[in-house]
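Structure first, then comments.
Convention: sequence-line order gives letters A, B, ...; per-chain numbering from 1.
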Amino acid sequence: MFSIFRAIVLRDLTLAMRRRSDVLSALFFFVIVVSLFPLGIGPELETLRLIAPGVFWVAALLASMLALEKLFAADFEDGTLEQMLLTPQPDFILVLGKIFAHWLVTGVPLALLAPLLGLQYDLDTEPLWILMLTLLLGTPALSLIGAIGAALTLGLRGSGVLVPLLVLPLYIPVLIFGAGAVEANVSGLGAAGHIYMLSAILLLALVAAPLATVAALRISAE
Amino acid sequence: MNNASINWFKYSSPATFYPLAGRLIPWFMAIAVILIGIGLYLSFFVAPTDYKQGEGYRIIFVHVPAAWMSMFIYLIMAFWAVMGLVFNTRLSAMMSQALAPTGAMFTFLALWTGAFWGKPMWGTWWVWDARLTSELILFFLYIGFIALQGAIDDTRRGDRAGAILLLVGVVNIPIIYFSVKWWNTLHQGASISVTQGSSMASIMLNTMLIMALGFWAYTIAVALSRARSIILEREMDSQWVRELQEIRQ
């Protein structure tokens, strides 16, 4: 069971490396959105420090949503997905592997880059660490939840507009607790409570989201 | 047990459900008009002025039942989604599709009347409090469901995809319901609880219940009539639809 998980992850990573521009575009989208806010709002460090957690998290949400389209689309179009669902291996593991690879490609670089961008917002060292930690905990939850939306809208006309409509409302709890953790730290309260909630959301998504995704894929690939 | 012999699936066929719904609609519509009429009369002329909130509190007679309905309707839609997935009945998906616009309407009504209530009481139209936010998410979920159903042309796929979306979104309902207990925010706690009874005068409580029942009857009537339209649309080519009185004319 683990070997199939590893095979899927390695395959998707190889495919992603062959098409580096797809990977980088989501990452640079994140960088550009984050850099736009100081231009629009003004360079007062006091304000920037206040809005930083929200800006980073909203940008992360949008970037991870942009990348969702590619999660199943290519495999669906050339029929690979159908073959995958027909294999005797558990679908849960297959989907989990695809989502994990997707997170490695979109979520992890974003979380690693965030502290560097955070310097633009004059955040201290501790909030920077918390920001990175919450992004590392939150982005896999985003990928897991988003996979449901991506699977439901597979091959539909106008799915680009539909995915945000389905997925963003479900992202809101992750946004609240992710940005809340950094804000709580900046304002001197402990961030622990928010981080525990974020971990709880991640665990719940880890168990439930692949099940819903598998069911949605079966409907879409029918 | 006698129950076992009842054929629960008899009315799950569109052909038998269609005339039944047609007979039920006038009754529920009449009940809705009477109850909402009584409820509005009581809430405007009979219920006493609140000693703390003045006349403005009367908006809760619409606000609270609408908020209840917004959550109930989502739960009922999720119930039909489960039924549709488990028993593979066509009518279940049609019912959840028929309920969705009414649910979205009540959610919007609850948010809107809440804003009207919030302006004089809290001094602001909107606060980002847990209950308001989760009710807003519920509204987005309704819109997402309607949009997904609209985007899928294949009805069978649309029904089942919608059902999965409903089941994923149902997580939000307990969050709305318990939000005022879990987070200590601006929205006041529930005035009515099953375990401790109500903390308000009985005339106010009764008015609210009458309004809620009226909204129930309205929802049933509207959902049934919308379900009839959906049935006609989907079964357009079947023999029994062509033989209907109203189609022949």
**OP:** Report the residue from Ile152(B), Asp153(B), Asp154(B) that forms a side chain to side chain contact (heavy atoms under 4.5 Å, CB included) with Leu156(A).
**Re:** Ile152(B)
Would you indicate whether [X], at its atom [atom1], is surrounded by more than 12 heavy atoms from other residues, nucleotides or ligands within a distance under 6.0 Å?
X	atom1	result
Trp240(B)	CH2	yes
Glu233(B)	CD	no
Glu126(A)	CD	no

Original post:
How many angstroms lie between CD1 in Ile143(B) and CG in Leu166(A), if you round to the nearest 0.5 Å?
Top reply: 11.5 Å
Original post:
For the atom pair CG (Leu136(B)) and CD1 (Ile172(A)), what is the distance rounded to the nearest 0.5 Å?
Top reply: 7.0 Å
Minimum heavy-atom distance [X]-[Y], with the two atoms named:
X	Y	result
Thr153(A)	Arg157(B)	C-NH2, 4.1 Å
Leu162(A)	Ala147(B)	CD1-CB, 3.7 Å
Ala215(A)	Ile164(B)	CB-CD1, 3.4 Å

Original post:
Does any heavy atom of chain B fall under 4.5 Å from the side chain of Leu152(A), the backbone, both, or neither of them?
Top reply: both
Original post:
Taking Leu85(B), Val168(B), Thr133(B) one by one, which has the highest count of heavy-atom pairs under 4.5 Å against chain A?
Top reply: Val168(B)
**OP:** With a 4.5 Å cut-off on heavy-atom pairs, point out which of Ser220(A), Ala208(A), Pro164(A) contacts chain B the most.
**Re:** Ser220(A)
Original post:
Would you say the side chain of Leu170(A) lies within less than 4.5 Å of the side chain of Leu141(B), judging by non-hydrogen atoms?
Top reply: yes
